[in-house]
> 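Pasting in a structure now, in C-alpha cells, and then I'll have a few things to ask.
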Amino acid sequence: MSKEITSRSEDYSQWYNDLVLKAGLADYSAVRGCMVIKPYGYALWENMRDVLDKMFKDTGHQNAYFPLFVPKSLFEAEEKNAEGFAKECAVVTHYRLKNDPANPGKLIVDPEAKLEEELVVRPTSEAIIWNTYKKWIQSYRDLPILINQWANVVRWEMRTRLFLRTAEFLWQEGHTAHATKEEAVEETVKMLNVYADFAENWMAMPVVKGVKSANERFAGAEDTYCIEALMQDGKALQAGTSHFLGQNFAKAFDVTFINKENKAESVWATSWGVSTRLIGALVMAHSDDDGLILPPKLAPIQVVLVPIYKGPESKETIDAKANEIVNQLKAKGIKVKYDNDDNSRPGWKFAEYEMKGVPVRVALGLRDIENNVAEVARRDTKEKKSMSMDGLAETIEHLLNEIQENIFSKAMTFRNEHITKAENWEEFQQLLDTKGGFVSAHWDGTSETEDKIKNLTKATIRCIPNDNLMEEGSCILTGNPSSQRVLFARAY
RNA sequence: CGGGAGGUAGUUCAGCUCGGUAGAAUACUUGGUUUGGGACCAAGGGGUCGCAGGUUCGAAUCCUGUCCUCCCGACCA
C-alpha cells in the first residue's frame with residue numbers, strides 16, 4: 001500500500017485528486033478553475049493528441065486555426081447554441097489597462113477603452129467557424145469541408161475538478177460542411193467510431209456508443225452521438241461527442257451552396273470533440289491505490305530500467321548492460337528511461353514509477369547479470385519475474401501488448417458486470433444506490449419523465465445504445481409503453 | 001451561486017481557544033557511507049503565517065473584506 005494517496009474505498013474523489021497531483025499530471029493554479037498541466041500530464045496529452053490527429057488525417061481531415069474571440073453578434077446568431085452556453089461565457093469588454101491614479105503601482109481597467117462590441121471567449125467555435133465558412137462555400141464543388149482545430153476553450157463552470165471539468169481546457173473540435181444530410185450523418189457516425197476506436201484500442205477503455213436523448217443533446221444539434229465510459233466508482237463519464245447539426249448553423253449564418261441542379265441549398269454540418277477530460281477518464285478507468293496504471297500505447301514512459309548497484313565497482317558493469325538493454329528496446333521503438341540517478345534508492349524509484357503508472361519496470365543488478373536475467377515487473381498486476389536476458393526486448397515488447405490487452409479486458413469485464421437491467425422502479429433505485437454503473441431500463445421517451453427521474457435519483461440517460469434491441473416494455477417510472485431500453489447512470 | 005471545511009517552510013501539518021522573538025516531520029543543499037521495496041551519519045539553508053485593511057504598545061492568533069482550494073448541493077453538450 002502506498003502511504004502517499006488516499007485509498008479508493010476511503011474517498012474516491014480524494015483518491016482521484018491525490019493521484020493527479022502526486023503522479024505529476026497537473027497542479028492547481030492561481031486562476032479559479034484553471035489548472036497547470038505538468039510535463040508528465042502534458043506528455044500523456046501529446047501522445048493522445050498525436051494518435052487522434054493521425055486518425056483525423058487518415059479520415060480526410062485537415063487542421064486549421066480560428067480565433068479565440070467571438071464577437072457577441074456572431075455568438076448569438078444560432079439561438080439554441082447561444083442560449084445553451086450564455087451563462088458560462090467569459091466576456092472581454094475592454095482592451096486596455098492603465099495606472100491607477102489613486103493607487104500607485106496598481107492597474108485599473110481603462111474606462112475609456114471599452115469595446116464597441118463585446119468579445120466572447122469561445123466556449124466552442126461553431127459561430128466563428130460558420131461565419132468563416134460562409135465566405136468559403138458557393139458551390140457543391142466547395143464541399144465537403146473537413147476541418148479540425150486543436151485549441152483551448154473556456155467555460156465558466158461553477159464547480160471544477162482537475163481534468164474532468166476545468167474552466168479552461170484543451171480539446172480538438174472538428175467542424176465539417178456537407179452538401180447532403182446523408183453525408184453529414186455519415187460523417188457524424190464515422191467520427192464517433194474514430195473516438196470509440198481510440199478509447200478502446202489506445203486508452204484500453206471500453207465505451208458504449210449511442211445517441212443522446214433530447215435533454216442531453218448539444219445546444220444547436222439535431223442529434224448528439226456519444227461514447228460513454230464507466231469509471232471504477234460506478235459513475236459514467238461522457239468521453240466524446242459527435243454532433244449532427246443539420247442545417248441549423250448554415251441557416252443562422254446564411255451559408256448556402258448552388259447544387260448540381262443550379263439551386264441554392266443550405267449546407268449540412270457536423271461538429272465533434274474530445275478534450276483533456278480524457279486524461280481524467282484514463283486515470284479513473286484503470287488506476288489503483290498505488291497510483292496510475294497507464295495503457296502502454298499511451299504511456300509517456302513504457303519501460304523504466306532501475307539499476308541495483310552494489311558498491312562503486314558494480315556501476316560500470318551494470319551501466320554497460322543497462323545501456324545495451326536500453327538500445328535494444330529503443331530499436332523496437334519502445335519508450336524507455338534508464339533511471340541511474342544515484343540520489344534515490346531502488347525502493348524509492350519502484351514506488352515512484354508505480355505512482356506514475358509506468359507499465360513495465362526492469363531491475364538490474366550484478367546478481368541478474370551473472371545469471372543472464374533481469375527482474376521484470378508489470379504495473380497492472382504487480383507481478384515480478386526473472387526473465388532471460390536473451391531476447392529480453394522481444395519479451396518486453398510482448399509484455400507491453402499483454403498489459404494493454406489485460407487492462408482493457410479488466411475494464412471491459414467491470415463495465416459488462418455493471419450494465420444491469422431494471423424491471424421496476426424499486427429495482428431501478430436500488431441498483432443506482434447500491435451497485436452503480438449503467439442501468440438498462442425502459443423509458444417512455446419524454447423529456448418530462450427523464451427530468452423526473454433525474455430529480456428523484458440524480459441519474460440521467462447516458463445514451464440510447466446504437467446497437468439497441470427493440471423490445472416492448474413499459475416505462476420504469478410512468479409505466480407508459482416503450483419500444484426499447486436506454487442506459488441510465490449517475491455521471492460526472 | 002448556497003452550505004461546510006481549509007490556506008503557516010518545497011510538502012504534510014502543529015501553534016490560534018487565552019495576542020508577547022515562527023515550530024515538527026519530511027523534502028532540499030554540502031560531505032561521507034550506501035543501494036534487490038520509499039537508506040543512514042554529520043553540517044547547513046529555507047516562512048513579510050494566502051492577500052488587503054482594522055483593533056492593539058505588540059497580531060499567525062482578535063475583527064472586516066477579498067482571493068484560492070477541497071467536500072456536499074444547484075448548474076453543467
Side-chain angles (χ1 to χ4, degrees), chain A residues 1-6 11-14 16-18 20-22 27-35 80-81 83-88 103 106 123-124 126 153 155-162 164-167 169 171 173 211-226 228 237-245 271-275 277 290-291 306-312 314-315 318 339-355 361-369 371 373-375 377 382 384 386 454-455 458 460 462-463 491-492:
Chain A
M1 284 290 287
S2 168
K3 55 185 178 186
E4 299 270 359
I5 57 176
T6 309
D11 185 339
Y12 193 83
S13 293
Q14 194 58 51
Y16 174 79
N17 287 329
D18 285 354
V20 168
L21 296 172
K22 299 217 163 111
D27 205 350
Y28 294 114
S29 76
V31 190
R32 195 202 88 96
C34 297
M35 65 175 178
K80 282 186 180 158
N81 185 251
E83 195 187 315
F85 285 105
K87 59 186 174 298
E88 51 191 73
N103 218 342
K106 303 288 183 184
T124 181
E126 277 80 1
V153 289
R155 296 179 187 179
W156 214 263
E157 300 286 356
M158 283 299 154
R159 190 171 163 196
T160 58
R161 298 198 66 191
L162 294 168
L164 297 174
R165 179 169 288 113
T166 47
F169 56 93
W171 78 344
E173 47 182 327
V211 64
K212 289 289 189 190
S213 64
N215 282 16
E216 301 283 320
R217 193 178 290 152
F218 177 73
E222 297 284 308
D223 260 321
T224 288
Y225 294 76
C226 63
E228 291 285 326
L237 185 131
Q238 177 178 299
T241 46
S242 183
H243 313 293
F244 168 62
L245 301 174
S271 69
W272 28 273
V274 295
S275 72
R277 180 179 235 207
D290 293 318
V306 178
I308 315 288
Y309 295 129
K310 271 256 166 45
S314 71
K315 290 192 182 182
I318 295 173
D339 187 352
N340 62 346
D341 178 359
D342 203 19
N343 292 316
S344 42
R345 288 160 54 104
W348 191 90
K349 291 176 188 172
F350 293 171
E352 180 64 16
Y353 291 109
E354 276 162 16
M355 180 67 76
R361 180 186 75 228
V362 179
L364 188 67
L366 284 181
R367 201 171 75 198
D368 303 298
I369 294 174
N371 297 320
V373 296
E375 184 195 79
K382 306 206 73 180
K384 286 194 284 195
S386 249
K454 185 180 176 182
N455 289 335
K458 293 181 202 159
T460 50
R462 300 321 302 160
C463 70
Y492 278 96

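Chain letters run A, B, ... following the sequence lines, proteins first, then strands; residues in each count from 1.
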> Output the rounded distance in Å from CE (Met158(A)) to P (C68(B)).
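Answer to the nearest Å: 12 Å.
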> Do side-chain atoms of Lys349(A) reach the backbone of Asp339(A) as a donor and acceptor pair under 3.5 angstrom?
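Yes; judged by distance alone, with no hydrogens or angles, the pair exists.
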> Mind checking who G73(B) pairs with, Watson-Crick or G-U wobble, both distances under 3.5 Å?
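Partner of G73(B): C1(B).
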> In whole angstrom, what separates Asn215(A)'s CG from C76(B)'s P?
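My rounded result for the distance is 10 Å.
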> Does the base of G37(B) carry an N or O that pairs as donor and acceptor with the side chain of Lys384(A) under 3.5 Å?
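Indeed there is one.
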> If the C1' atom of A59(B) is compared with that of U8(B), how far apart are they to the nearest Å?
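One C1' to the other, the span is 14 Å.
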> Give a yes/no on whether any side-chain N or O of Arg159(A) is located under 4.0 angstrom from OP1 or OP2 of C72(B).
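True: Arg159(A) side-chain N/O within range (under 4.0 Å) of C72(B) OP1/OP2.
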> Distance check, C1' atoms only: G15(B) and A74(B), in whole angstrom units.
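Per the computed distance, 38 Å lies between those C1' atoms.
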> I'd like the P distance from C51(B) over to U56(B), given in whole Å.
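Each nucleotide's P atom is 23 Å from the other's.
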> Does Thr160(A) or Arg217(A) map to a spot on RNA chain B nearer the 5' end, using the closest nucleotide for each?
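Its nearest nucleotide lies further toward 5', so the answer is Thr160(A).
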> Find the distance Asn343(A):CG to U26(B):P and express it as a whole number of Å.
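About 18 Å, once rounded to whole Å.
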> Using purine N1 to pyrimidine N3 plus N6-O4 or O6-N4 for Watson-Crick, or N1-O2 and O6-N3 for G-U wobble, both under 3.5 Å, which nucleotide pairs with G31(B)?
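The answer is C41(B), by the H-bond criterion.
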> What interatomic distance, in whole Å, is found between P of A27(B) and the corresponding atom of A60(B)?
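It comes out at 30 Å once rounded to the nearest Å.
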> With both distances under 3.5 angstrom, what nucleotide forms a Watson-Crick or G-U wobble pair with G46(B)?
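The answer is none; no pair meets the criterion.
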> Quick check: any donor-acceptor pair below 3.5 Å linking the side-chain of Glu354(A) to the base of G37(B)?
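Checked by distance alone, the answer is yes.
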> Nearest 0.5 Å, please: how far is CG in Asn81(A) from CG in Leu245(A)?
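One gets 8.5 Å once the value is rounded to the nearest 0.5 Å.
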> For nucleotides U48(B) and G73(B), find the distance between their P atoms and express it as a whole number of Å.
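Going atom to atom, P in each nucleotide, I get 39 Å.
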> According to the Watson-Crick and G-U wobble definitions, with both distances under 3.5 Å, which nucleotide is paired to C51(B)?
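Its partner is G65(B) (Watson-Crick or G-U wobble, both distances under 3.5 Å).
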> Any N or O donor-acceptor pair under 3.5 Å from the base of C68(B) to the side chain of Arg32(A)?
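Side chain to base: no pair below 3.5 Å.
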> What are the two closest heavy atoms between Thr166(A) and Glu157(A), and how far apart are they?
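Thr166(A) and Glu157(A) have their closest heavy atoms at O-CG, 4.4 Å.
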> Can you check the Lys22(A) NZ to G38(B) P distance for me, whole Å?
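Atom NZ in Lys22(A) sits about 19 Å away from atom P in G38(B).
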> Okay, side chain of Thr224(A), backbone of Phe218(A): is any donor-acceptor separation there less than 3.5 Å?
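Yes, Thr224(A) side chain to Phe218(A) backbone: donor-acceptor pair under 3.5 Å.
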> Over how many whole Å does the gap from Phe169(A) atom CZ to C76(B) atom P extend?
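These atoms are roughly 15 Å apart.
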> Going through the checks in order, is the side chain to side chain donor-acceptor pair (under 3.5 Å) test met by Asp342(A) and Tyr309(A)?
CA-CA 9 Å; Asp342(A) 203 19; Tyr309(A) 295 129; over 6 Å; no
> What is the distance, to the nearest angstrom, from the CD atom on Glu375(A) to the P atom on U35(B)?
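Taking CD of Glu375(A) and P of U35(B), I get 17 Å after rounding.
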> By nearest nucleotide on RNA chain B, pick out whichever of Ser29(A) and Tyr309(A) is the more 5' one.
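Between the two, 5'-proximity favours Tyr309(A).
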> If you measure from the P atom in C63(B) to the same atom in C16(B), how many Å do you get, rounded?
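Roughly 15 Å separates the two P atoms.
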> Hey, is the side chain of Arg161(A) poking within less than 4.0 Å of OP1 or OP2 on C71(B), counting only N and O atoms?
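Looking at the OP1 and OP2 atoms of C71(B), one of them is under 4.0 Å from a side-chain N or O of Arg161(A).
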> Distance check needed: C75(B) P versus Glu157(A) CD, whole Å only.
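That distance rounds to 13 Å.
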> Roughly how many Å apart are U26(B) and A22(B), using the P atom of each and rounding to a whole number?
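My reading of the P atoms in A22(B) and U26(B) gives 24 Å.
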> Are the side chain of Ser29(A) and the backbone of Cys34(A) linked by a donor-acceptor contact shorter than 3.5 Å?
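Side chain of Ser29(A) to backbone of Cys34(A), a donor-acceptor pair under 3.5 Å: yes, one is there.
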> Could you tell me how far apart Lys315(A) (NZ) and U33(B) (C1') are, to the nearest whole angstrom?
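Interatomic distance, NZ of Lys315(A) to C1' of U33(B): 12 Å.
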